[in-house]
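These notes concern the structure reproduced below.
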Amino acid sequence: MNDGKRTPWIVGVSGASGTPYAAAVLRGLLAAGESVDLVVSRASRLTLLDETGIAFRDAHWREDLAAWLARGADGKSNAFTVDVGDVRYWAAGDLAAGPSSGSYPAKGMLVVPASTAAVAGVALGLSKDLLQRVASVTLKERRPLVVAVRETPLNGQTLKHMVALDEAGAVVLPASPAFYAGATHIQDLVDFVAGRVLDAAGVPHRLYRRWEGELGGASRTD
């Protein structure tokens, strides 16, 4: 793809638990033919290592990303086949990266999972790393920003930060799986949250069964 015409979704992965959510969102974007720019925070590398055993390395990010996206939420390797050819990676400490500027073309940003630290940093405009900086740029440029908060319980300060993000135009989307879609596996619950993130971004997908107004519809096998 010609980089001059490339307009990606930027995905920021913070240090909150829930790396399978990020993987499902990334797979969904790529399956929909979307270009992706990826920012993985320093804290999220520790979470990724803990939850998957994968060490995400700057020098080998494409290989590590492919291994991550191939992994199912149940821990099985090679559960998915994903082409990561249209992913561009930016180091979290690179504040001179392309997406740090509003002039960089982007459709918007999805922060998944979003830690309370990331929520606070974006709400307060701290820009302590590239993830926070890009989220702030996304807001100022009036582009879509979806923040998939993954924390419980929530204290009053975090709730205030979430309200501030909502007032600034972001979609605050708690990572709360639903069960009406007929989930039978962990991956189904993960895909529901990922699908709701993609819904908020307006990206088409088939990650979960949608509610159609029929009680018991989730029990159908078709």
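Being a predicted model, the structure only gives us computed values, none of them experimental. If you read the sequence from its start, that first residue is 1, and numbering goes on from there.
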Do the side-chain N and O atoms of Asp37 and Trp90 include a donor-acceptor pair separated by under 3.5 angstrom?
yes
CD of Gln132 to CG of Leu124, rounded to nearest 0.5 Å, is 9.0 Å
Of Thr138, Val171, Leu110, which is the lone residue that meets side chain to side chain contact (heavy atoms under 4.5 Å, CB included) with Leu145?
Thr138
Answer yes or no: does atom NZ of Lys160 have more than 12 heavy-atom neighbours from other residues, nucleotides or ligands under 6.0 Å?
no
Thinking salt bridges, do Arg206 and Asp191 make one under a 4.0 Å N-O criterion?
no
Tell me if a side-chain donor or acceptor on Arg143 pairs with a main-chain N or O of Gly102 at a distance below 3.5 Å.
yes
For Glu51, give me all partners under side chain to side chain contact (heavy atoms under 4.5 Å, CB included), at least two apart in sequence or on another chain.
Ser17, Thr19, Pro20, Thr47
Nearest 0.5 Å, what's the CG-CD distance between Leu198 and Glu34?
9.0 Å
Rounded to the nearest 0.5 Å, the OG atom of Ser41 sits from the CG atom of Leu131 at a distance of 6.5 Å
Linking I/L/V/M/F/W/Y whenever any side-chain heavy atoms sit under 4.5 Å apart, do Val197 and Leu165 land together?
no
So CE of Met162 and CD of Gln157: to nearest 0.5 Å the spacing works out to 13.0 Å
Between Arg71 and Thr52 (side chain of the first, backbone of the second, donor and acceptor by atom type, cut-off under 3.5 Å), is there such a pair?
yes
Side-chain donor or acceptor of Asp64 paired with backbone N/O of Arg57 under 3.5 Å:
yes
Near Arg133 CZ, under 6.0 Å, is it more than 12 heavy atoms from other residues, nucleotides or ligands?
yes
Residue set satisfying side chain to side chain contact (heavy atoms under 4.5 Å, CB included) with Ala178, at least two apart, ordered chain then number -> Tyr180, Phe192
Are Asp58 and Tyr89 linked by a side-chain donor-acceptor pair shorter than 3.5 Å?
yes
Is a salt bridge present between Asp199 and Arg210, judged by a nitrogen-to-oxygen distance below 4.0 Å?
yes
Are Glu151 and Thr158 close enough that some pair of their side-chain heavy atoms sits under 4.5 Å apart?
no
So, Asp188 and Arg209, do they make that salt bridge, N to O below 4.0 Å?
no
Gap separating the CG atom of Leu189 from the OG atom of Ser176, nearest 0.5 angstrom:
11.5 Å
